[in-house]
Number of protein chains: 2
Amino acid sequence: MLPYEHFGYIGAMTDSPNDVTPDRLCKADALPPSDQHAQQYAAVRNAHETELLEDYVELIADLLEHQGEARSTDIAARMGVSQATVSKTVTRLKSLGLVSSKPYRSLFLTEKGEAMAAMSHQRHAIVLQFLRALGVSDRTARIDAEGMEHHVSQETLEIMQRYTREQGRRDA
Amino acid sequence: MLPYEHFGYIGAMTDSPNDVTPDRLCKADALPPSDQHAQQYAAVRNAHETELLEDYVELIADLLEHQGEARSTDIAARMGVSQATVSKTVTRLKSLGLVSSKPYRSLFLTEKGEAMAAMSHQRHAIVLQFLRALGVSDRTARIDAEGMEHHVSQETLEIMQRYTREQGRRDA
DNA sequence: TCTACAAGTTAACCTTGGCTAAAATACTGT
DNA sequence: ACAGTATTTTAGCCAAGGTTAACTTGTAGA
Ligand SMILES: [Mn+2]
Ligand SMILES: [Mn+2]
Ligand SMILES: [Mn+2]
Ligand SMILES: [Mn+2]
């Protein structure tokens, strides 16, 4: 419960409460139309349904690449979660046709699982590199990217990618 | 199930698979140390615990400000969720000391609830304005901000704020 | 070989956040 | 005043994601 507290609530952001307003229309910023507002929340709920699956297949792909196999002990350690939890989630991944394995053996990705892992990995990389290009420290960028990646649309991803590229050129 | 699919998986990002690598060290990008990796995921799980609460208090504050009262019908409509769901979540908000209300009456925020709403609102605004400053369309920026906001650390928030400010100055 | 220990699974439990259907309460117009 | 409608709550259901504890399976060393 200690290291996660850099998303500090209390005492954070109390120094500059007004310069949040670079344009004039922020005060009493009207609510969006009800149905559009509902779609925003629906998109978030939607992302939540797949986000854990994405992290799992991404991690499994990484383990397969870097250690040759993906054992559930390693997943449990890296996820910071019990082995029982991993076992149950893997059952779900299998039932969704993303992962295959024989009991008590290493995990593998199906075609579908590899496709999802590739997508997730790419998206994760784009977000992480963008944050670093912005000037965020590596440690923080990794933490933020792990959560943000699931909520970044295609449109935003492309813009992030362009920014990172141009920022790289500026450095060179 | 239609409008949320701009986080498209299939067919998305297949055009430029290689330019994700502005620096050379991306191929076989080593895994972080196990404990640090676990902390990343823990931070995300942590954010998930409060994110709905934050959205609720933020919405309640907005409704109080813009319509004078916060009825659970309105919350249900704006969240795109049933009234029963709102009722149950509100019970939880009350038990956490964030919201107060008498049965069958409008909702109000406690001191604690207002503090959380103010924080959440400010953070939400920073993320939204940052995305717009980056060049993301309003519609997409609103959707992405709704999810991203809960996963942006203090450090990143400050950098976003600076970027937005400077971007505004460049426009003027 | 067989015994210990590591790795994986299963069972039983919990909380959160959804849902529908039914019941209770409040409000409004005649 | 009260009938009818709108709002809110409650009850009962479900899936996801977490836990611990107990059991099973695999593997490596003496
Ligand atoms: Mn990821
Ligand atoms: Mn992630
Ligand atoms: Mn918000
Ligand atoms: Mn939100």
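If you're wondering where the values come from, they're calculated on a predicted model, not measured in any experiment. Chain identifiers are assigned alphabetically (A, B, ...) following the order of the sequence lines, protein sequences preceding nucleic acid strands; residue numbering begins at 1 within each chain. Reckoned from all heavy atoms, side chains included, excluding hydrogens, waters and symmetry mates.
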When you measure from the side-chain N and O atoms of [X] to the phosphate of [N], is any distance below 4.0 Å, counting only OP1 and OP2?
X: B/Arg71; N: D/dT7; value: no
X: A/Thr89; N: D/dG17; value: no
X: A/Arg45; N: C/dG17; value: no

Send over the distance from [X] [atom1] to [N] [atom2], rounded to a whole Å.
X: B/Glu51; N: C/dG18; atom1: CD; atom2: P; value: 10 Å
X: A/Glu49; N: D/dG17; atom1: CD; atom2: C1'; value: 14 Å
X: B/His150; N: C/dT16; atom1: NE2; atom2: C1'; value: 16 Å
X: B/Lys102; N: C/dA26; atom1: NZ; atom2: C1'; value: 16 Å
X: B/Leu93; N: D/dT9; atom1: CG; atom2: P; value: 12 Å
X: B/Leu53; N: C/dG17; atom1: CG; atom2: P; value: 6 Å
X: B/Tyr104; N: D/dT8; atom1: OH; atom2: P; value: 10 Å
X: A/His48; N: C/dG18; atom1: NE2; atom2: P; value: 10 Å

*Is there a side-chain contact between A/Phe130 and A/Thr156 (heavy atoms, below 4.5 Å)?*
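In short, these two side chains do not touch, never coming nearer than 4.5 Å.
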*Given side chains that start at C-beta, do those of B/Met79 and B/Thr85 come closer than 4.5 Å, heavy atoms only?*
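No - every pair of side-chain heavy atoms lies 4.5 Å or more apart.
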*asked:* Do A/Gln39 and B/Arg139 pair up side chain to side chain, a donor and an acceptor below 3.5 Å, judged on atom types alone?
replied: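 Judged by distance alone, the side chains do pair up.
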*Which nucleotide in the set C/dG8, C/dG18, D/dT9 lies at the smallest distance from any side-chain heavy atom of B/Leu52?*
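Shortest atom-to-atom distance from the side chain points to C/dG18.
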_Apply side chain to side chain donor-acceptor pair (under 3.5 Å) to residues A/Gln167 and A/Arg170 and explain how you reach the verdict._
CA-CA 5 Å; A/Gln167 168 64 24; A/Arg170 206 166 307 134; 3.1 Å; yes
*Should B/His124 and B/His150 be marked as a ring-ring contact (aromatic ring centres under 6.0 Å, His included) after you check the CA-CA gap, both sets of side-chain angles, and the distance that decides it?*
CA-CA 8 Å; B/His124 197 145; B/His150 310 281; 7.5 Å; no
*Could you say whether A/Arg92 or A/Pro103 is positioned toward the 5' end of DNA chain D, judged by the nucleotide with the nearest heavy atom to each?*
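The answer here is A/Arg92.
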*With sequence neighbours excluded, tell me which residues meet ring pair (Phe, Tyr, Trp, His ring centres under 6.0 Å) with A/His37.*
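Per chain and number, A/His37 pairs via ring pair (Phe, Tyr, Trp, His ring centres under 6.0 Å) with A/Tyr41.
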*Does anything in residues 80-88 of chain B reach DNA chain D, meaning a heavy atom under 4.0 Å, and if so which residues?*
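Residues of residues 80-88 of chain B that come under 4.0 Å of DNA chain D are, in numerical order, B/Gln83, B/Ala84, B/Ser87.
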*With side chain to side chain donor-acceptor pair (under 3.5 Å) as the test, would you mind laying out the steps for B/Glu155 and A/Thr140 before giving the verdict?*
CA-CA 7 Å; B/Glu155 180 188 338; A/Thr140 304; 2.5 Å; yes
